[in-house]
Amino acid sequence: MRTESTMNCGNDLLVNFPTSRRQGQIFTVESTPSISTSEEQTNIPLSPSPPVKKKVKFSEVADMTHVDFPSSSELRQRWYTADDKTRFKRILARDVRRMISIVSSTPGECLSTEVLEACVGIEIFLSRDLAQRTREKRARHMIGVLNESGRQGRSERIDDERLSRVSEKTSRWARDRAFELAVGYWELFREMEE
């Protein structure tokens, strides 16, 4: 049985995935307006992409099992608490301060493998400027995807491939940065082994 609470489940998602109602063999799409975008903003053509063999198939029938909402004690056992999250942030801040101190006081050629390995994953926190630029790029990526999702919802023409291309384009910086970091670490570790 569908209730108001089950129908609204998932409406807090970042991406606007419209709900569909089946009427015979025709699907109608319901959507809410979102932030607009244009072809000029994303530089991605509005024409559909060539057919791509789908790797995922959806069944016409779905079996659902009702699961009771977990109790408070079960939730506490399964998920991180606010105290856990605060502790993780403190540990991260402590590690970043320690690495900044070590890296800034040690000549590059004298850095040990252990110090470099401890920097993996926290690079953006070693510089306030880099951390700020990364936050801005992440925000632009999220806005680009949300804009495209909203545009598609308003036009009632859902194009998953275009949404995927927008996401790929707006997150290219992250892939490029990850590649550059991997190459840099590989070269450093290789030099240290020689």
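Each residue takes its place number in the sequence, starting with 1.
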Discussion item. Under the rule for side chain to side chain contact (heavy atoms under 4.5 Å, CB included), what residues qualify as partners of Ser105, not counting sequence neighbours?
Written reply: none
Worksheet item: Taking atom OG of Ser149 and atom CZ of Arg154, what is their separation to the nearest 0.5 Å?
Response: 9.0 Å
Worksheet, complete the sentence: One should read off an interatomic distance between Glu148 CD and Arg165 CZ, to the nearest 0.5 angstrom, of 8.5 Å
Worksheet entry | Residues clustering with Met64 (ILVMFWY side chains joined when closer than 4.5 Å, directly or via others) | none
Discussion item. Once rounded to the nearest 0.5 Å, what's the spacing between atom OG of Ser167 and atom CZ of Arg172?
Written reply: 11.0 Å
Item to complete: Please name all residues satisfying side chain to side chain contact (heavy atoms under 4.5 Å, CB included) with Leu92, sequence neighbours left out, ordered by chain then number.
Response: Val96, Ile122, Phe125
Worksheet entry | Ion pair Glu136/Arg133, N-O distance below 4.0 Å | no
Worksheet item: Under the ring-ring contact (aromatic ring centres under 6.0 Å, His included) rule, what pairs show up with a residue in residues 81-113, not counting sequence neighbours?
Response: Tyr80-Phe88
Worksheet item: For Asp84 and Thr81, what are the C-alpha separation, side-chain angles and deciding distance, and is it a side chain to side chain donor-acceptor pair (under 3.5 Å)?
Response: CA-CA 5 Å; Asp84 291 335; Thr81 65; 3.3 Å; yes
Worksheet item: Is Arg190 atom CZ crowded by more than 12 heavy atoms from other residues, nucleotides or ligands, each under 6.0 Å away?
Response: yes
Item to complete: List the atom of Arg175, the atom of Glu168, and the distance in Å for their closest heavy-atom pair.
Response: NH2-O, 3.0 Å
Discussion item. Tell me if the CZ atom of Arg128 is crowded by more than 12 foreign heavy atoms within 6.0 Å.
Written reply: no
Worksheet item: Can you list every salt bridge (Lys or Arg N to Asp or Glu O under 4.0 Å) pair that touches residues 95-104, not counting sequence neighbours?
Response: Asp95-Arg98
Worksheet item: What residues form a side chain to side chain contact (heavy atoms under 4.5 Å, CB included) with Ser127, not counting sequence neighbours?
Response: Asp129, Leu130
Worksheet item: In the hydrophobic cluster built from side-chain contacts under 4.5 Å, what are the other members alongside Val183?
Response: Phe179
Worksheet item: Is there a donor-acceptor pair closer than 3.5 Å between any side-chain N or O of Ser171 and the backbone N or O of Ala174?
Response: no
Discussion item. Using a 3.5 Å distance criterion without hydrogens, assess whether the side chain of Gln152 forms a donor-acceptor pair with backbone atoms of Asp159.
Written reply: yes
Item to complete: Not counting sequence neighbours, list each pair that qualifies as a side-chain hydrogen bond (donor to acceptor under 3.5 Å, both in side chains) and has a residue in residues 177-189.
Response: Glu123-Tyr185
Worksheet item: Got a donor-acceptor contact below 3.5 angstrom from the Ser104 side chain to the Ser101 backbone?
Response: yes
Worksheet item: For Trp79, what are the other residues in its hydrophobic cluster, where any two members join if their side-chain heavy atoms are less than 4.5 angstrom apart?
Response: Phe69, Leu75
Item to complete: Sort and list the pairs that fulfil ring-ring contact (aromatic ring centres under 6.0 Å, His included) and have at least one residue in residues 91-121, not counting sequence neighbours.
Response: none
Discussion item. Between Trp173 and Val166, is there shared hydrophobic-cluster membership here, with clusters defined by ILVMFWY side-chain heavy atoms closer than 4.5 Å?
Written reply: no
Worksheet item: Do you know the tightest heavy-atom contact between Leu126 and Cys119?
Response: CD1-SG, 4.2 Å
Worksheet item: Taking ILVMFWY side chains as joined if any heavy atoms are under 4.5 angstrom apart, and letting links pass through other members, which residues group with Ile91?
Response: none
For residues 137-146, dump all side-chain donor-acceptor pairs below 3.5 Å to protein atoms at least two apart in sequence or in another chain.
residue: His141; atom: ND1; partner: Thr170; partner atom: OG1; Å: 2.6

